[in-house]
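In what follows, a single structure is set out as structure tokens and then discussed.
Because the structure is a prediction, the values reported are computed rather than measured.
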Amino acid sequence: QVQLVESGGGLVQAGGSLRLSCAASGRTFSSIAMGWFRRAPGKEREFVAAISWSGGSTDYADSVKARFTISRDNAKNTVYLQMNSLKPEDTAVYYCAAGLRDYASSTVRDFGSWGQGTQVTVSS
């Protein structure tokens, strides 16, 4: 099982940027897809972005397209989420997830390991 630790969350004003990082342990990192999900207060967990094992394929929720960018560095066992033009509705706990497959997926059941989450708060 892959161990995941997120970092980079915080408080930012609307229109600002944050970069989340997720450090993974385990030798399988470079062969699996990775993803980011979020859960806002009182809402269900929702898909944000995913990236294939090689980084060659990505998928985004419509709500974050053109604002967020997912990337990975397999040499560092790390996946990133660059968040630009942040909005108050982006406020949530963001979770990193390790995939059970090598392709990018937006489905929760395609992910087998989860981090503890990092809080992102966007003020208006």
Side-chain angles (χ1 to χ4, degrees):
Q1 191 168 359
V2 180
Q3 304 295 321
L4 303 170
V5 178
E6 303 98 334
S7 61
L11 173 64
V12 64
Q13 289 188 330
S17 298
L18 282 175
R19 188 195 197 200
L20 305 184
S21 298
C22 174
S25 65
R27 293 180 293 175
T28 61
F29 177 84
S30 61
S31 64
I32 58 174
M34 296 294 295
W36 288 95
F37 290 75
R38 68 186 181 187
R39 177 175 284 153
K43 295 188 177 181
E44 298 289 321
R45 177 173 50 185
E46 65 173 356
F47 168 73
V48 175
I51 188 167
S52 64
W53 69 276
S54 66
S57 177
T58 57
D59 190 16
Y60 295 93
D62 288 342
S63 59
V64 307
K65 278 180 181 176
R67 299 189 299 122
F68 291 11
T69 302
I70 188 170
S71 61
R72 65 189 297 161
D73 185 337
N74 285 347
K76 295 182 178 180
N77 276 20
T78 302
V79 63
Y80 306 96
L81 185 68
Q82 178 67 44
M83 305 185 294
N84 299 329
S85 302
L86 282 161
K87 305 175 181 180
E89 51 263 44
D90 294 318
T91 295
V93 177
Y94 283 71
Y95 298 91
C96 176
L100 298 171
R101 310 281 185 265
D102 59 3
Y103 56 84
S105 172
S106 61
T107 305
V108 170
R109 65 174 179 269
D110 285 336
F111 294 87
S113 299
W114 297 82
Q116 292 188 326
T118 185
Q119 177 70 47
V120 171
T121 303
V122 185
S123 63
S124 57

Original post:
In Å and rounded to the nearest 0.5 Å, what is the CD to CZ distance from Q119 to R38?
Top reply: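 The CZ atom of R38 is 12.0 Å from CD of Q119, to the nearest 0.5 Å.
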
Subject >> Separation between CG of D102 and OG1 of T28, rounded to the nearest 0.5 Å >> reply: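 Between atom CG of D102 and atom OG1 of T28 there are 12.0 Å.
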
Original post:
Can you find a side-chain donor-acceptor pair between N74 and S30 that sits under 3.5 Å?
Top reply: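 No, S30 and N74 have no side-chain donor paired with an acceptor closer than 3.5 Å.
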
Original post:
F47 and V108: side chain to side chain contact (heavy atoms under 4.5 Å, CB included), yes or no, with the steps?
Top reply: CA-CA 8 Å; F47 168 73; V108 170; over 6 Å; no

Subject >> Test log, rule salt bridge (charged side-chain N to carboxylate O under 4.0 Å, His left out), inputs E46 and R39 >> reply: CA-CA 6 Å; E46 65 173 356; R39 177 175 284 153; over 6 Å; no

Subject >> Sequence-distant partners of T118, side-chain hydrogen bond (donor to acceptor under 3.5 Å, both in side chains), two or more places apart >> reply: none

Subject >> W53 six-ring face occupied by R72 cation (under 6.0 Å, within 45°) >> reply: no

Subject >> Inter- and intrachain pairs under side chain to side chain donor-acceptor pair (under 3.5 Å), touching residues 76-88, at least two apart >> reply: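 For residues 76-88, and leaving out neighbouring residues, the side chain to side chain donor-acceptor pair (under 3.5 Å) pairs sorted by first residue read S17-N84, Q82-N84.
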
Donor-acceptor contact below 3.5 Å, side chain [X] vs main chain [Y]:
| X | Y | value |
| --- | --- | --- |
| S105 | T107 | yes |
| E6 | C96 | yes |
| S52 | S57 | yes |

Subject >> Residues clustering with M34 (ILVMFWY side chains joined when closer than 4.5 Å, directly or via others) >> reply: V2, L4, V12, L18, L20, F29, I32, W36, V48, I51, Y60, V64, F68, I70, V79, L81, M83, L86, Y94, V120, V122

**OP:** List the atom of Y95, the atom of G115, and the distance in Å for their closest heavy-atom pair.
**Re:** CD2-O, 3.6 Å

